[in-house]
Engineer: 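Below you will find the structure I want to go over with you.
Quantities reported herein were computed from a predicted structural model and do not represent experimental measurements. A, B, ... follow the sequence lines: proteins, then strands. Residue 1 opens every chain.
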Amino acid sequence: MLTVLFDGIAYGMVLFILACGLAVTLGLMNLVNLAHGAFAMAGGYAAAIMVNRWGVPFLAALPLAFLFAALLGLVLERLLYAHVYARPHLDQVLFSIGLVFMAVALVDYTQGSQQQFIQLPAFLRLRFQIAGVSVGAYRLLIIAVCAAVALSLQLILSYTRFGSRLRAAVDDPRVARGLGINVSLIFAVTFAVGSGLAGLGGALGAEILGLDPTFPLKFMIYFLIVVTVGGTASIGGAFLASLVLGIADVAGKYYIPAFGAFAIYAVMIGVLIWRPQGLFGRVATR
Amino acid sequence: MSDAAATAARAAAQLDRLSRWHPAEYVFWALAAASLLVFPSRYLLISDIALTGLFALSLDLVLGYAGILTLGHGAFFGLGAYVAGIAATHGLRDPLLGMALACAAAALLGAATSLLVLRGSDLTRLMVTLGVAAVLLEVANRLPALTGGADGLQGMDVGPVLGLLPFDLAGRTAAVYSLATLFAVFLIVRRIVHSPFGWSLRAVRANPLRAASIGIAVDARLSVAYTIGAAIAGIAGALLAQTTQFVSLDGLAFHRSADVLLVLVIGGVGWLYGGLIGAVLFKLMQDQLATITPQYWEFWIGLVLVALVLIGRERLAAWPRALWRRVAGRQPA
């Protein structure tokens, strides 16, 4: 029972890392980016190649996966996404679905369609008994990393100059520009960091989520649920939504395997009927 | 008083003019019918184009006219296909009856989910429609006794259309049946679009607040439009099941919903022929590309989507018109 809870928390934490970038770009910048999972996949594959083929230690591969995905995000943002910020949602949907399809086909073409596994170092495969609960070192690492990321994100957003500039740029880009804030630079950096975090999540979560070329399609709905259920008022909303989702999904698959996959949809529909603007929302999008 | 009456009369006359058949429309349908005679070896492709066009037409009603952003329209298509398929495996051989059942089932699902879709913003709609499609896919996957699961539904036995036209291997009946269904449904949709109901939908899309303030029941209109769109998608799904005699989970897969969006966008959102023209272009393109790279065909779909958006849909739509004007202008009068 506690083990299920623990696994659920780890799963939810990974979902948070994956989706928090989207919470900012989609929730705050109002850009419908369905291709967010493609960056996560990029990070996951980068880590898999580095660890399995080049022998890079797993812990060193994580920040590299982050950098790779962030760089990819930065390039794509400058080249492509910058042109679609002001477009209607339909255009953004079409555009990002197009990117997803290209990413899926490209990875399938270069890496093959089979599932990828990242070889974990021995110390991450250990299991401990803590207060009668069997705890895997790998999941413990996930929880530690994700908690650290969540905390620092929250601190950056609320206490640093960059955070306040980002909030200003999101609230009213025109006025922010008038005050001398370089809005497009801020958006680019935010997008890159969000993509990088997705990449980190993809590398970190490859083991529990499964990594194959259809990754962006499979988890698109999860990301959207995190963002819509969590609302966009704070990082905390997305964080709690990820935890609820992760625990519901793991518990659902564990206790009622026949209907396990429906658990998250039940949660989603319930929340939407109860609070259409998300659990912790001000307004989901403007 | 007479001023108001004159304005009303002028408005009525304009609406009347807009709803009249344009000569080009006769040409379009004549060409569609002629395709049956000209390309007897491509019956299956013609049938495929017709049912894709019908599917895109239903999406146009939801997206183009009512302005509901959806990523799960494939759910209704797949449901229609499964209902028609299951009916045919259980001894209900008449294709029209199977189609009616499929249409009713899809309409029911559409009406039920429209309550969810109406809530919230574009983003919530995306998620809910995506979620409904995912749930349906999961249900079909978990009920192998009924749907055949991952193997697909086999052993369909579809009787002759109207008791007269048996389905043949060359797909001649399939093509005639699909085209005829497309035309019949098109007439209905055309009527809907040009009715006061259709105009109220456009008003809601343009500005929901203002539409509500002149007395349009926004939510009710949207959910009716969504339900009609779902019902038509169900018909398109039934056509797929009956003409190919096979239904698989592929009918419910996400790429169905994405493909039909692309089809509609190629042809142009918000006018009746957008889906139909898009279906012709899309299927011909797919036919050509799939012979070159069958496995990575999705890459090219993606590329087309990205290019479409970056170039701009309005600009692309403006090119043929500008070209037409130049050609028409240069002709000696």
Side-chain angles (χ1 to χ4, degrees), chain A residues 26-27 30 32 34-35 38 79-80 83-84 87-106 108-109 113 213-214 217-218 220-229 232 258-262 264-266 268-269 272-273 275-278 281 283-286, chain B residues 63-64 67-72 113 115-139 141-142 253-255 257-259 261-262 264-266 269-270 293 295-314:
Chain A
L26 203 163
N30 205 6
V32 179
L34 298 178
L79 281 181
L80 302 174
H83 302 288
V84 297
R87 294 293 187 79
H89 281 158
L90 174 62
D91 276 353
Q92 298 175 351
V93 166
L94 294 170
F95 171 77
S96 50
I97 289 183
L99 282 186
V100 169
F101 279 166
M102 286 167 75
V104 169
L106 267 182
D108 196 355
Y109 181 68
S113 59
T214 59
L217 288 174
K218 258 193 295 189
M220 184 189 288
I221 182 92
Y222 284 70
F223 301 154
L224 283 177
I225 293 176
V226 168
V227 175
T228 38
V229 168
T232 56
F259 298 98
F262 299 110
I264 55 158
Y265 300 116
M268 165 190 111
I269 289 173
L272 276 180
I273 290 174
R275 304 258 324 237
Q277 303 301 351
V283 182
T285 52
R286 286 165 304 149
Chain B
L63 177 71
I68 301 172
L69 199 50
T70 164
L71 266 180
T113 52
L115 298 176
L116 281 172
V117 169
L118 287 181
R119 303 181 78 102
S121 56
D122 276 353
L123 176 59
T124 345
R125 284 176 181 169
L126 278 182
M127 190 186 83
V128 169
T129 50
L130 204 59
V132 168
V135 167
L136 220 61
L137 178 63
E138 196 59 31
V139 170
N141 195 18
R142 290 294 162 98
F254 170 72
H255 74 85
S257 306
D259 284 357
L261 256 180
L262 175 60
L264 182 60
V265 167
I266 291 178
V269 180
T293 54
Q295 202 180 348
Y296 304 110
W297 139 251
E298 287 204 330
F299 178 84
W300 302 106
I301 297 187
L303 195 64
V304 170
L305 276 170
V306 171
L308 255 174
V309 172
L310 287 182
I311 296 171
R313 289 186 283 128
E314 300 77 18

Engineer: Write down the atom of B:M127, the atom of A:L224, and the distance for their closest heavy-atom approach.
Structural biologist: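 Residues B:M127 and A:L224, closest heavy atoms: SD-O, 3.5 Å.
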Engineer: So, for B:G302 and A:F101, which heavy atoms are closest and what is the spacing to 0.1 Å?
Structural biologist: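 Smallest heavy-atom distance, with atoms named: CA-CB, 4.0 Å.
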Engineer: Under a 4.5 Å heavy-atom cut-off, does chain A meet the side chain of B:V306, its backbone, both or neither?
Structural biologist: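 Both backbone and side chain of B:V306 come within 4.5 Å of chain A.
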Engineer: Roughly how far apart are B:L305 CG and A:L99 CG, rounded to 0.5 Å?
Structural biologist: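 With rounding to 0.5 Å, CG (B:L305) is 9.5 Å from CG (A:L99).
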Engineer: With rounding to the nearest 0.5 Å, note down the distance linking CD1 in A:I97 to CD1 in B:I301.
Structural biologist: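 Result: 10.5 Å between the selected atoms.
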Engineer: Please classify the contact of B:D259 with chain A as side chain, backbone, both or neither, using a heavy-atom distance under 4.5 Å.
Structural biologist: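 B:D259 touches chain A through side-chain heavy atoms alone.
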Engineer: Side chain, backbone, both or neither: which part of A:L217 has a heavy atom under 4.5 Å from chain B?
Structural biologist: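 For A:L217, the contact with chain B is made by the side chain alone.
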Engineer: Tell me, out of A:V84, A:V93, A:V104, who's got the most heavy-atom pairs with chain B below 4.5 Å.
Structural biologist: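 Highest number of pairs under 4.5 Å: A:V93.
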Engineer: With a 4.5 angstrom heavy-atom cut-off, could you sort out which part of B:L71 is near chain A: side chain, backbone, both or neither?
Structural biologist: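 The side chain, not the backbone.
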Engineer: Would you give the length of the straight line joining atom CG of B:L126 to atom CD of A:Q92, rounded to the nearest 0.5 angstrom?
Structural biologist: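 These two atoms lie 10.0 Å from each other.
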Engineer: Hey, could you give me the CG/CE distance between B:L303 and A:M102, rounded to the nearest 0.5 Å?
Structural biologist: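 Spacing of CG (B:L303) from CE (A:M102) equals 4.5 Å.
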Engineer: Does any heavy atom of chain A fall under 4.5 Å from the side chain of B:V128, the backbone, both, or neither of them?
Structural biologist: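 Contact with chain A is through both the backbone and side chain of B:V128.
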Engineer: For A:L90, which residues count as a side chain to side chain contact (heavy atoms under 4.5 Å, CB included) partner, sequence neighbours excluded?
Structural biologist: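 Only A:L94, B:L63, B:L69, B:L261, B:V269, B:R313 meet the side chain to side chain contact (heavy atoms under 4.5 Å, CB included) criterion with A:L90.
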Engineer: Which atoms of A:L34 are under 4.5 Å from chain B, going by heavy atoms: the side chain, the backbone, both sets, or neither?
Structural biologist: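 For A:L34, the contact with chain B is made by the side chain alone.
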Engineer: Closest approach of B:F299 and A:L106, non-hydrogen atoms and distance?
Structural biologist: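 In terms of heavy atoms, the two residues are closest at CE1-CG, 3.7 Å.
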Engineer: Check side chain to side chain contact (heavy atoms under 4.5 Å, CB included) between B:V135 and all other residues, then give those that pass, not counting sequence neighbours.
Structural biologist: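 For B:V135 the side chain to side chain contact (heavy atoms under 4.5 Å, CB included) partners, ignoring immediate neighbours, are A:F262, A:Y265, B:V139.
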